Amino acid sequence: MTPGMRNSLDLEGRPQDTRIVVAMSGGVDSSVTAALLKSEGYDVVGITLQLYDHGAATHRKGACCAGRDIHDARNVAERIGIPHYVLDYESRFRESVIDNFADSYALGETPVPCIECNRSIKFRDLLATARELGAQALATGHYVASRRLAGGSRALVCAADSDRDQSYFLFATTREQLDYLRFPLGDMTKPQTRELARRFGLEVAEKQDSQDICFVPTGRYTDVIGRLKPGAIEPGDIVDLEGRTIGRHQGIVHFTVGQRKGLGIPAGAPLYVVKLDATSRRVVVGPREALRMDRILLRDVNWIGDGLLDDVIGDGIEMFVRVRSTRAPQPAWLRAVDGGYEVELVAGEEGVSPGQACVFYDAPAGQARVLGGGFIKSATARHPVIRGGAQEKAAPLAEVMRT
């Protein structure tokens with residue numbers, strides 16, 4: 001390799017002189033990542049994290065990081081001929097992810113534990129371990145990509161396979177972390193990944209993807225919350241938008257904003273969960289139009305766009321935002337408000353839930369650049385639904401925001 005030239009991971013040096021740590025969960029994606037880099041000649045070291053007591057989840061389909069997954073990761077490492085280590089991260093995972101998850105639900109939020117796991121465990125603790133091992137990069141099997149910018153730093157962009165894109169869960173990645181991380185599957189589709197697994201002779205080629213919260217082996221997350229936060233399971237009132245009690249519930253953790261099923265309330269028209277009030281243990285319900293929110297107040301904002309956010313925000317930044325992992329990005333404005341940040345949605349969005357992430361993009365589709373994001377603290381409507389479901393007429397929000 002000519003001096004100064006960069007290898008396939010956009011690092012200087014020959015692959016055989018470049019050590020890469022691969023986070024191996026035991027699934028097909030991380031397994032192919034390790035096998036692909038090994039086939040290109042990199043000095044690959046596989047690391048699997050033991051994150052929780054996996055005994056109950058060992059044989060449960062749809063759960064990741066369980067005992068079976070550690071076994072599969074070890075087999076893949078042996079098959080491709082790389083060293084493999086299992087690290088006990090149970091205590092730090094419990095403190096950073098599980099406790100945080102329970103606390104958030106007890107506050108009436110709907111948390112996304114995968115975001116915290118990536119932020120606190122994989123891209124902080126595991127990344128530090130990779131550096132200690134002398135690795136030039138930490139590679140993962142996430143479906144997201146990064147691109148070198150003109151100044152040498154890196155941008156995070158959506159995966160080529162939009163159905164598999166995981167950028168929503170990685171918005172909290174910092175610029176420093178991006179410089180060290182690599183995502184070899186970002187420009188591949190899932191079928192291409194499985195085909196590579198077959199070519200490499202990996203037993204996990206047809207393995208089912210993880211679907212549930214990894215540390216909830218029964219699939220009932222309320223069991224975890226009830227054990228850690230018993231007060232969150234206490235009963236309370238179900239009230240309408242006027243504050244009138246119309247039913248009872250057995251704990252706010254059983255509900256999320258936007259939910260329709262499971263309310264158990266006879267009504268002439270469909271009712272949806274509009275708000276969860278943890279202090280009074282009240283579940284507020286209303287018609288579907290009451291779900292549409294226009295303003296979102298954020299906390300813990302992470303900016304990985306150009307420049308420093310406070311320097312470039314001015315009167316507002318026009319962008320596209322995703323308020324749930326399954327939603328498409330929507331046009332919005334990000335503004336600085338009272339020492340914090342607020343998003344104004346051009347067309348509004350239904351079911352905006354505190355605890356979820358609001359992720360910023362520079363385009364509505366394709367391999368858009370991720371500009372950052374924050375956690376939803378609260379959401380409000382410019383013109384709240386009033387008695388009878390009527391709503392005031394006003395100028396379109398897009399015009400209001402541009403004046």
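For this chain, numbers begin at 1 and follow the sequence in order. Every heavy atom of this structure was used, including side-chain atoms; hydrogens, water molecules and symmetry mates were not. Note that the structure is predicted; figures quoted are calculated from it, not measured.
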Self-check item: Any side-chain donor near an acceptor of the partner, Arg295 and Thr380, under 3.5 Å
Solution: no

Quiz prompt | Salt-bridge present (Arg68, Asp72; N to O < 4.0 Å) | solution = yes

Quiz prompt | side-chain contact (heavy atoms from CB on, under 4.5 Å) evaluation trace for Trp333 with Asp315 | solution = CA-CA 9 Å; Trp333 286 75; Asp315 294 329; over 6 Å; no

Exercise. For the residue pair Leu156 and Val144, establish whether any side-chain heavy-atom pair is separated by less than 4.5 Å.
Key: yes

Quiz item: What are the two closest non-hydrogen atoms of Tyr168 and Ile115, and how far apart are they?
Solution: O-CD1, 4.0 Å

Quiz item: Any salt bridge between Arg324 and Glu349, counting N to O under 4.0 Å?
Solution: no

Practice problem: Identify the residue among Val321, Ile296, Leu309 that makes a side-chain contact (heavy atoms from CB on, under 4.5 Å) with Leu334. | Solution: Leu309

Quiz item: Is a donor on one side and an acceptor on the other found under 3.5 Å between the side chain of Arg194 and the backbone of Lys207?
Solution: yes

Quiz prompt | Flag if over 12 foreign heavy atoms under 6.0 Å of CG, Asp88 | solution = yes

Self-check item: Pair Leu241-Val284, side-chain contact (heavy atoms from CB on, under 4.5 Å): steps then yes or no
Solution: CA-CA 7 Å; Leu241 296 179; Val284 182; 4.1 Å; yes

Quiz item: Under the criterion side-chain hydrogen bond (donor to acceptor under 3.5 Å, both in side chains), which of His249, Arg248, Arg244, Arg282 is the partner of Asp237?
Solution: Arg248

Self-check item: Main-chain N/O of Thr110 paired to Gln356 side chain as donor or acceptor, under 3.5 Å
Solution: yes

Quiz item: What's the spacing between Glu90 CD and Leu49 CG if we round to 0.5 Å?
Solution: 11.0 Å

Quiz item: Does any non-hydrogen side-chain atom of Met188 lie less than 4.5 Å from one of Asp161?
Solution: no

Exercise. Quick one: which residue pairs count as a salt bridge (Lys or Arg N to Asp or Glu O under 4.0 Å) with a foot in residues 165-185, not counting sequence neighbours?
Key: Asp165-Arg322

Exercise. Taking the side chain as every heavy atom from C-beta outward, state whether His84 and Thr48 have any atom pair closer than 4.5 Å.
Key: yes

Quiz item: Is there a donor-acceptor pair closer than 3.5 Å between any side-chain N or O of Asp10 and the backbone N or O of Arg148?
Solution: no

Practice problem: For salt bridge (Lys or Arg N to Asp or Glu O under 4.0 Å), just list the numbers for Arg299 and Glu109, CA-CA rounded to whole Å, side-chain angles, deciding distance to a tenth of an Å, and then say yes or no. | Solution: CA-CA 13 Å; Arg299 61 174 173 82; Glu109 298 179 339; 3.7 Å; yes

Quiz prompt | Under-4.0 Å salt bridge between Asp187 and Arg147 | solution = yes

Exercise. Look at the aromatic rings of Phe93 and Tyr52 and report parallel, tilted or perpendicular, splitting at 30° and 60°.
Key: tilted

Exercise. Would you indicate whether the side-chain heavy atoms of Leu138 and Tyr180 approach each other to under 4.5 Å?
Key: yes

Quiz item: How about Leu271 and Arg288: do any of their side-chain heavy atoms sit closer than 4.5 Å?
Solution: no

Quiz item: So, Arg19 side chain and Leu133 main chain: donor-acceptor pair closer than 3.5 Å or not?
Solution: yes

Exercise. Would you check if the side chain of Gln259 reaches a backbone N or O of Val273 as a donor-acceptor pair within less than 3.5 Å?
Key: no

Exercise. I would like to know whether Arg199 and Glu195 meet salt bridge (Lys or Arg N to Asp or Glu O under 4.0 Å); could you show each step before the answer?
Key: CA-CA 6 Å; Arg199 291 182 187 178; Glu195 179 57 30; 3.6 Å; yes

Quiz item: For Asp125 and Arg119, what are the C-alpha separation, side-chain angles and deciding distance, and is it a salt bridge (Lys or Arg N to Asp or Glu O under 4.0 Å)?
Solution: CA-CA 9 Å; Asp125 296 346; Arg119 178 170 72 164; over 6 Å; no

Practice problem: Give the intermediate values and the outcome of side-chain contact (heavy atoms from CB on, under 4.5 Å) for residues Ile252 and Tyr105. | Solution: CA-CA 8 Å; Ile252 63 172; Tyr105 257 111; over 6 Å; no

Exercise. Using the ring-ring contact (aromatic ring centres under 6.0 Å, His included) rule, take Phe171 and Phe375 through it: C-alpha gap first, then chi angles, then the decisive distance, then the call.
Key: CA-CA 10 Å; Phe171 84 86; Phe375 290 101; 5.3 Å; yes

Quiz item: Hey, mind stepping through Phe320 and Phe360 against ring-ring contact (aromatic ring centres under 6.0 Å, His included) and telling me if it holds?
Solution: CA-CA 6 Å; Phe320 298 85; Phe360 314 150; over 10 Å; no

Practice problem: State, yes or no, whether a side-chain contact exists between Asp294 and Glu344 at a heavy-atom distance under 4.5 Å. | Solution: no

Quiz item: Can you list every pair that meets salt bridge (Lys or Arg N to Asp or Glu O under 4.0 Å) and has a residue in residues 354-371, with sequence neighbours left out?
Solution: Asp306-Arg369

Quiz item: Does one side chain, of Tyr143 or Thr193, offer a donor that lies under 3.5 Å from an acceptor on the other?
Solution: yes

Practice problem: Would you indicate whether the side-chain heavy atoms of Val239 and Val285 approach each other to under 4.5 Å? | Solution: no

Quiz item: Would you say the side-chain atoms of Ser30 pair up with the backbone N or O of Gly141, donor to acceptor, closer than 3.5 Å?
Solution: no

Quiz prompt | Ile82 versus Gly46, closest heavy-atom pair with distance | solution = CD1-N, 3.9 Å

Quiz item: Arg281 side chain to Ile233 main-chain N or O, any donor-acceptor pair under 3.5 Å?
Solution: no

Self-check item: Stepwise salt bridge (Lys or Arg N to Asp or Glu O under 4.0 Å) check, Lys190 with Asp29
Solution: CA-CA 8 Å; Lys190 186 70 175 197; Asp29 299 325; 2.9 Å; yes

Quiz item: Do Glu116 and Ser120 have a side chain donor and acceptor closer than 3.5 Å?
Solution: yes

Practice problem: Would you check if the side chain of Arg74 reaches a backbone N or O of Val86 as a donor-acceptor pair within less than 3.5 Å? | Solution: no

Quiz item: Are the side chain of Ser96 and the backbone N or O of Arg92 linked by a donor-acceptor pair below 3.5 Å?
Solution: yes

Quiz item: Do the side chains of Val370 and Leu170 get nearer than 4.5 Å, heavy atoms only?
Solution: no

Exercise. Check whether any side-chain N or O of Lys38 sits under 3.5 Å from a backbone N or O of Thr33 as a donor-acceptor pair, and report yes or no.
Key: no

Quiz prompt | Steps toward side-chain contact (heavy atoms from CB on, under 4.5 Å) verdict (Asp209, Arg164) | solution = CA-CA 11 Å; Asp209 291 332; Arg164 296 288 174 173; 2.8 Å; yes

Exercise. Determine the sole option in Asp17, Asn7, Thr18 for which the side-chain hydrogen bond (donor to acceptor under 3.5 Å, both in side chains) test with Tyr42 is passed.
Key: Asn7

